[in-house]
2 protein chains.
Amino acid sequence: MTKSPSETSYHHKDLRQSLIKAALELIAQKQDASTLSLREVARRVGVSNAAPYRHFADKDALLAAVAEEGFHILTRCLNSSIEKASDDPLEQLQASGIAYVKFAISHPSHYRVMFSAFKADNLCYPPLNAAGEEAFAVLMDAIANGQQAGKIQGGETQQLAWVTWSLVHGLAMLLIDHQLTITDEQDIVSVAELATQSLINGMKAKTP
Amino acid sequence: MTKSPSETSYHHKDLRQSLIKAALELIAQKQDASTLSLREVARRVGVSNAAPYRHFADKDALLAAVAEEGFHILTRCLNSSIEKASDDPLEQLQASGIAYVKFAISHPSHYRVMFSAFKADNLCYPPLNAAGEEAFAVLMDAIANGQQAGKIQGGETQQLAWVTWSLVHGLAMLLIDHQLTITDEQDIVSVAELATQSLINGMKAKTP
DNA sequence: ACCTGAACACCGTTCAAGT
DNA sequence: ACCTGAACACCGTTCAAGT
C-alpha cells in the first residue's frame, strides 16, 4: 500500500487553497482578525512555518486572497438582494444597501480583512482589485439605473456611488467595532433602513 | 553638581505623558499605525522595554490614552467648525460633517487608532469612552438643534446622529485607506460636501 | 518542484533584582 | 516607588538542506 501524495505528511493536493480555507475558518472564529498569524494557519493545515511561502509572497498576499474571496461573496449577496427586490430602482438600491450591512455584520472579521487588504491605488493584487471593483459596480449600477429612470438626480454617478458606499461602509464598521450601542439584530436593520432611506431620499430627482 | 531626577537616565518627570507623546509622534510618522510597537515607543523615550508597564497595564492601555487625546482634538475641531458657520442649523451640521472628514484625513493613523481602541460597550477605559461620547455629542446636538428649529425631521435624534456619523466615518475610512480613487484635496472636499448635502437634504423636515 | 528545520530579528509581557 | 536586565513564548521571514 503506497499512500497517494495527498495523504502523506509531505505533498498536499493544493496547499494554496488549503491555506486560504484554513485562514477563512480561523478568521470566522476570531473577533479580531489582526491576531491571526501565518504560523497558526500553517499549523492548522499541518505544514511547516515556511511552507506557505511557496504559495504566497508573504502574509499580506494570503490575506489578499482571503479578501478577494470576501468581495466575491459580497457581490453575490448584493446581486441576490436586488433580484429579490421590486422593479423600483430606488427600492433595489435600498435593498442592496441593507444587504451590504447585513453581510458585514455576519462576517465581521472577514469584512475587516477585506478592507484592510483592498487598496484602490495599489496594483499589487490585481484579482483583489477586480473583486473589489466588481462589488462596487453593483452599487454604481443601481444608482445609474435610478438616474436613467429619472428617480435619482443626474450628474456624477461615481460620486453618488462613493457617498452611498461611505454610508453603508461607515455603518458596517461602527456596528462591527461595537461603536454603536445596538446589539439587537432588528434594531440594526432599522438603523440600516433609516440610513439608506434618508440618503436615497436626499438623492432623489426633484419632481417638477 | 547633582543632576535633578528628571535629567538622570533613571527617573522621568512624567514618563506616562512622555510615552503618550512619543506614541503620537511615531503614529504621525507612520501610514500604518498597526506597525507601532511598545518597545519602539520605549526606545524613543530612552527607557527600557519594561518601563511602560509601570504606567500602562499593556499596549492597549497606551493606545487608549492616545485615542482619548484624539477624540478631544476632534471635539475641538467640530465645535470650532460650528462656530465658524452661519446661524443655520443645517449649515452647522454640514460644516461639522466636513470638519470631521478633514480631521480624519489630516491625522489618518491617529484616527485609525481612535476607532480601533474605542468600544461603546467596553468599560475598560472610562476616559476614552467619555471622550468618544463627547465628540459624538457635538453631532447629536447639531441634529437636535435642527429638529428644534423645525428644519430636520422629528423623531429619533440618536438614530439620525448614528446615520450621520456612519456617513462621515465611512467616507473618512475609505479615504484614509485609499479605497476611493481620489487624491486631490479639493476633490475630497467636494465629495464630503456632496455626501453631507445629500444626507441632510434627505433628513429635512417636510415643508407643508 | 515542494517542503522541512533551524535560524534571525523582531514582538508583548513578566519578574527578580537594582537604586 | 520606579526602573533595568534577562527571560519566555510568541511572531514574520529566510535559506540551506532534504525528498
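Each chain gets a letter, A, B and so on, in the order the sequences are listed, and its residues count up from 1. These numbers come from a predicted model, not from an experiment.
Counting only heavy atoms from C-beta on, B/His55 has its side chain closest to D/dC3 among D/dC3, D/dT13, C/dC3. Of the candidates C/dC3, D/dT4, D/dC3, the closest approach to any side-chain atom of B/Arg54 belongs to D/dC3. Distances from the side chain of A/Ser37 to the nucleotides D/dC11, C/dC3, D/dA7 place D/dC11 closest. Which of D/dC11, D/dT4, C/dC3 sits closest to the side chain of A/Arg43 comes down to D/dC11. When each of C/dT14, D/dG12, C/dG12 is scored by its nearest atom to the side-chain atoms of B/Ala50, the top-ranked nucleotide is C/dT14.
Note: CG (B/Asn49) to P (D/dC3) measures 14 Å, nearest angstrom. In this structure, the CG atom of A/Asp60 is 17 Å from the P atom of D/dC11, given to the nearest Å. Atom CG in B/Leu15 sits about 9 Å away from atom C1' in D/dC3, given to the nearest Å. Atom CZ of A/Arg39 and atom P of D/dT13 are 11 Å apart (whole Å). In this entry the distance linking CG of B/Leu62 with P of C/dG12 reads 10 Å, nearest Å. B/Tyr53 has its OH atom 17 Å from the P atom of C/dA16, to the nearest Å. In this structure, the CD atom of B/Gln17 is 17 Å from the C1' atom of D/dC2, given to the nearest Å. Taking atom CG of B/Leu38 as the reference point, atom P of C/dC10 lies 16 Å away to the nearest angstrom.
Within the structure, the side-chain hydrogen bond (donor to acceptor under 3.5 Å, both in side chains) test picks out the following pairs touching residues 119-145 of chain B (sequence neighbours left out): B/His72-B/Glu134.
Scanning all heavy atoms of the two residues, the minimum distance from B/Gln159 to A/Val191 falls at OE1-CG2, 3.9 Å. The heavy-atom pair separating A/Ala85 from A/Glu91 by the smallest distance is CB-O, 4.3 Å. The minimum heavy-atom distance linking B/Thr181 with A/Ala120 is given by the pair CG2-CB, 3.9 Å.
Nearest-nucleotide mapping onto DNA chain D: of A/Ala57 and A/Glu40, the residue sitting toward the 5' end is A/Glu40.
Taking a pair to require two hydrogen-bonding distances under 3.5 Å in either a Watson-Crick or a G-U wobble arrangement, C/dA1 pairs with D/dT19. Base pairing annotation: C/dC11 forms no Watson-Crick or G-U wobble pair, as no partner gives both donor-acceptor distances under 3.5 Å.
With respect to B/Arg44 and B/Glu40, no salt bridge is recorded, no charged nitrogen being found less than 4.0 Å from a carboxylate O.
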